2 protein chains.
Amino acid sequence: MGTRWLDEREDRAWRGYRRMRRLLDLELARQLTQDAGLSEPDYDVLSDLSETPRGRLRLSELADRMLWSRSRLSHHLTRMQQRGLVTREECADDARGSVVVLTTAGRQAIESAAPGHVAAVRRHLIDLLTPAEVDALGALSHRVVDHLADPDLRATRPQPEA
Amino acid sequence: MGTRWLDEREDRAWRGYRRMRRLLDLELARQLTQDAGLSEPDYDVLSDLSETPRGRLRLSELADRMLWSRSRLSHHLTRMQQRGLVTREECADDARGSVVVLTTAGRQAIESAAPGHVAAVRRHLIDLLTPAEVDALGALSHRVVDHLADPDLRATRPQPEA
DNA sequence: GCGAATTGGTTGACATGTCATCCAATCTAG
DNA sequence: CTAGATTGGATGACATGTCAACCAATTCGC
């Protein structure tokens with residue numbers, strides 16, 4: 001069977017998406033390090049932590065939310081720990097587990113970084129879109145996410161029933 | 001001045017975009033390594049090279065197209081060179097320069113990887129979107145790219161006239 | 001209970017990316 | 001022409017990410 005290549009409009013969307021991705025990343029990373037001394041991964045960790053009631057989360061729970069491997073998170077946390085942004089505590093329920101805890105410095109870092117970061121996200125993305133485009137992006141991305149999260153739908157051909 | 005945080009729909013779009021990014025990356029990388037033994041960066045290098053008439057491009061020209069630093073590209077090329085996918089040749093016009101050349105093996109690699117890769121892009125993204133959404137994504141991403149590429153527009157406040 | 005399988009997390013080796021520096025070739029101004 | 005600035009690219013040191021192996025605590029089957 002011949003390959004269905006991308007037609008002109010599909011190609012335009014795909015190339016545009018990848019270029020946008022890359023440029024947006026570069027700019028947001030630049031802004032973050034310059035204004036707050038944080039990398040994007042740092043920001044994401046702190047941000048997810050700060051959204052929980054007391055700034056604490058099981059390592060695996062945090063990894064799942066971020067779509068990171070436990071290994072990656074563990075490595076990253078040791079680095080952030082050395083900079084005083086987070087600490088690890090032992091887990092009461094499960095002696096294997098560890099709980100990641102936002103330090104005061106970490107809380108401060110994310111709180112002072114957030115306004116500038118959000119402003120950059122607005123300036124370089126959100127505020128450039130019409131309301132309809134914002135909704136379209138929301139709808140389309142969630143559809144893609146749901147699809148990728150469902151192992152059955154992800155396969156090339158229909159899967160045998162469970 | 002208070003921060004203009006993202007409202008619910010903007011937040012939904014922004015989070016969705018980032019999750020989509022991540023999951024799509026993971027899946028496409030998985031598919032590429034598994035089916036073709038290439039990483040996404042490998043694929044991009046080969047792809048850009050193969051789009052030129054004779055599979056040759058100045059290193060800096062390639063770096064610019066890919067939005068990579070020359071350093072990154074240079075490192076990556078030495079690795080790809082060791083695997084026999086590309087070679088470097090001296091540049092006739094400019095003795096400092098070097099020309100990146102697609103080898104036969106490199107050409108073969110991209111040609112055999114492309115169909116599966118495009119199919120994955122379709123399956124996990126393009127074919128999940130309505131034609132209107134494809135166009136919207138194309139339009140919006142190009143707008144963002146143009147904005148980020150223009151140093152004047154990128155700044156927080158209006159720049160002084162040139 | 002108890003041994004086997006599983007899970008949560010860490011670690012080390014290695015691949016990849018970034019940053020600053022360096023060198024040689026080119027360009028520019030006088 | 002030629003000294004100084006700039007450019008194209010390579011390189012080494014270091015930060016980050018991945019993968020496989022590992023260890024200890026938990027869970028599962030019986």
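Residue numbers start from 1 in every chain, and the chains themselves are labelled A, B, ... in the order their sequence lines are given, proteins ahead of strands. Being a predicted model, the structure only gives us computed values, none of them experimental.
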Going 5' to 3' through nucleotides 8-20 of chain D and flagging B where a protein heavy-atom sits under 4.0 Å of the base, S where only the sugar-phosphate is that close, and - otherwise, we get SSBBB---SSBBB

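One can place CE of B:M66 at 12 Å from P of C:dT18, the figure rounded to the nearest angstrom.
Between A:L67 atom CG and B:R18 atom CZ the span is 10.5 Å, to the nearest 0.5 Å. A distance of 4.5 Å separates CZ of A:R65 from CG of A:L57, quoted to the nearest 0.5 Å.
For the side-chain contact (heavy atoms from CB on, under 4.5 Å) with A:V86, the qualifying choice from A:D42, A:V101, A:L46, A:L62 is A:L46, the only one to do so.
A salt bridge does not link A:R123 to A:D127: none of the charged side-chain nitrogens sits closer than 4.0 Å to a carboxylate oxygen.
Between A:H76 and A:W68, the ring planes are perpendicular. Angles over 60° get that label, and only those under 30° would be called parallel.
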